[in-house]
Amino acid sequence: MRIERLVVDNRVFLLGLDELYRESMKTHERDELLICARETADALSVAPADVLIEGYYTEDAELTEYFRLVRALQTVSSDRSVEVADLRGFQRLRQVTASRIFGKVSGSGLLPGGKDALTIAMDRMWPNWTIDSLTQAAYEYALSSDDYSLVALAALSRDSVVLAALRESVVLYAMCMAGCSAEPVQYEYVWAVDDVVQSRATHFVQEFNQLFNESLPLPTAENAKIFWDVADESKLVGRCVRIGLNDAIEHYHWAIDYDANDKLVVKDFWDSELWTTARYRQANNLGFDFDEV
């Protein structure tokens, strides 16, 4: 029996956690949270925002509607909160958007946004925005804080690919064929996640599970196989997220792509228009056989 060691390091664990988060979150957004957003928008006579759809919210009509409603509600002044303060839908939206799984609460609008490690790094590094400088600054902030948001976990990995991927997952809330071996194989899953990542991720998972009555697995060696099985780097290619802009209303983006050696890297670029994951993938002929767009 040949034993093959499968190492669950920071990247594998965080990509696995990200995939579990995305699939669970989409279920809540299509159902419970969409109802809450409709109720709140109707009470305030707020129409869905006419904006480009970012991230995974292009996948179906329900997610797209939810994205547009939340984007519209994010532009409403906090002064109007008295009109919907007693609505259970609004209370639930506030609870979710103010959760620390998205970073520190920021903004004075009806719905808060999460000021995460990457946002803070961009504040500190302006105008010297580069992938390396922002990845390092986000890591330094996350390490010195008690932030356990999804983006802070990515920042602690000091891995720009992970950072770009997980930031794209929370864009709405942020300011293979199996072959046969010649012999039987027994897989040994090796847990190699940094202690600080594991500790903060425990807080993230516990709060997410409490917030949505879910059961995401805790980041422990016993659950290494779960995270390994769902961590699929091929799904990251083409994820594109706008993370900042300047006074000229030029948008600063990070996108995950291949380099000349077919290795995943992060590419940054400025553009006068906002680029989404769907647009970047289409423009760069990044086709996929799975359902995510």
Any ion pair linking Asp116 and Arg167 (charged N to carboxylate O, less than 4.0 Å)?
-> yes
Could you state the interatomic distance from OG1 (Thr58) to CG (Leu52), rounded to the nearest 0.5 Å?
-> 11.0 Å
Heavy-atom nearest pair, Ala117 first then Ala142, reads CB-CB, 4.3 Å
Counting only N and O atoms by type, is there a donor-acceptor contact under 3.5 Å from the side chain of Asn246 to the main-chain atoms of Ala248?
-> yes
Look only at the side chain of Asn284 and the backbone of Tyr280, and say whether a donor-acceptor pair between them is shorter than 3.5 Å.
-> yes
Taking all heavy atoms of Ala137 and all of Met125, pick out the closest pair and write down the distance.
-> CB-CG, 3.7 Å
Which distance, rounded to the nearest 0.5 Å, do you find between the CZ of Arg80 and the CG of Leu44?
-> 4.5 Å
Tyr173 and Tyr66 aromatic ring geometry - parallel, tilted or perpendicular at 30°/60° bounds | tilted
Greater than 12 external heavy atoms within 6.0 Å of Gln282's CD = no
So how far is it from Thr130 OG1 to Gln136 CD, rounded to the nearest 0.5 Å?
-> 10.5 Å
To the nearest 0.5 Å, tell me how far Leu264 CG sits from Asp259 CG.
-> 8.5 Å
Which pair of heavy atoms, one from Leu73 and one from Ala37, lies closest together, and at what distance?
-> CD1-O, 4.1 Å
Is the Tyr57 ring parallel, tilted or perpendicular to the Phe67 ring (thresholds 30°, 60°)?
-> tilted
Mutual orientation of the aromatic rings belonging to Phe208 and Phe212 [parallel < 30°, tilted 30-60°, perpendicular > 60°] = tilted
Charged N-O contact under 4.0 Å between Asp229 and Lys225 = yes
Determine, for Asp18 against Lys235, whether the closest basic-nitrogen to carboxylate-oxygen distance falls under 4.0 angstrom.
-> no
Where is the tightest heavy-atom contact between Met25 and Val96, given as atom of each residue plus distance?
-> CE-CG1, 4.2 Å
Begin from the C-alpha positions of Ser45 and Glu83 and carry the test side chain to side chain contact (heavy atoms under 4.5 Å, CB included) through to its verdict.
-> CA-CA 11 Å; Ser45 298; Glu83 301 175 44; over 6 Å; no
Given side chain to side chain contact (heavy atoms under 4.5 Å, CB included), test Glu65 with Asp60 step by step and report yes or no.
-> CA-CA 9 Å; Glu65 181 186 0; Asp60 56 52; over 6 Å; no
Between the side chain of Thr135 and the main-chain N/O of Ile131, is any donor-acceptor distance below 3.5 Å?
-> yes
Distance-minimising heavy-atom pair for Ser215 and Asn209 = N-OD1, 3.4 Å
Salt bridge flag under 4.0 Å for residues Arg88 and Glu39 | no
Does a side-chain N-to-carboxylate-O contact under 4.0 Å join Lys26 and Glu23?
-> yes
Give a yes or no on whether Val151 and Leu236 share a hydrophobic cluster (residues Ile, Leu, Val, Met, Phe, Trp, Tyr; joining criterion: side-chain heavy atoms under 4.5 Å apart).
-> yes
Do Trp275 and Phe269 pass the ring pair (Phe, Tyr, Trp, His ring centres under 6.0 Å) test, and can you show the C-alpha distance, the side-chain angles, and the key distance before you say yes or no?
-> CA-CA 10 Å; Trp275 281 65; Phe269 64 95; 5.7 Å; yes
Could you tell me whether a side-chain N or O of Asp194 sits under 3.5 Å from a main-chain N or O of Asn10, the two making a donor and an acceptor?
-> no
Please confirm whether the backbone N or O of Gln198 pairs with a side-chain atom of Thr202, one donor and one acceptor, at under 3.5 Å?
-> yes
Would you please indicate if the ring centroids of Phe227 and Phe13 are separated by under 6.0 Å?
-> yes
List the atom of Trp228, the atom of Val7, and the distance in Å for their closest heavy-atom pair.
-> CZ3-O, 3.3 Å
Hey, mind stepping through Asp268 and Tyr252 against side chain to side chain contact (heavy atoms under 4.5 Å, CB included) and telling me if it holds?
-> CA-CA 7 Å; Asp268 61 342; Tyr252 181 62; 2.8 Å; yes
Measuring from Leu134:CG to Asp132:CG, what's the distance to the nearest 0.5 Å?
-> 9.5 Å
Taking atom CG of Leu286 and atom CG of Asp257, what is their separation to the nearest 0.5 Å?
-> 5.5 Å
Between Ile226 and Leu20, does a side chain to side chain contact (heavy atoms under 4.5 Å, CB included) hold up when you go through it step by step?
-> CA-CA 10 Å; Ile226 298 175; Leu20 293 170; 4.2 Å; yes
Mind telling me whether Tyr189 and Tyr187 have parallel, tilted or perpendicular rings, with 30° and 60° as the class edges?
-> tilted
Salt bridge present between Glu273 and Arg279 (N-O < 4.0 angstrom) = yes
If only atom types and distance count, is the side chain of Ser169 paired as donor or acceptor with the main-chain N or O of Tyr21 below 3.5 Å?
-> no
Donor-acceptor contact below 3.5 Å, side chain Ser199 vs main chain Asp195 = no
Could you tell me whether a side-chain N or O of Gln91 sits under 3.5 Å from a main-chain N or O of Ala85, the two making a donor and an acceptor?
-> yes
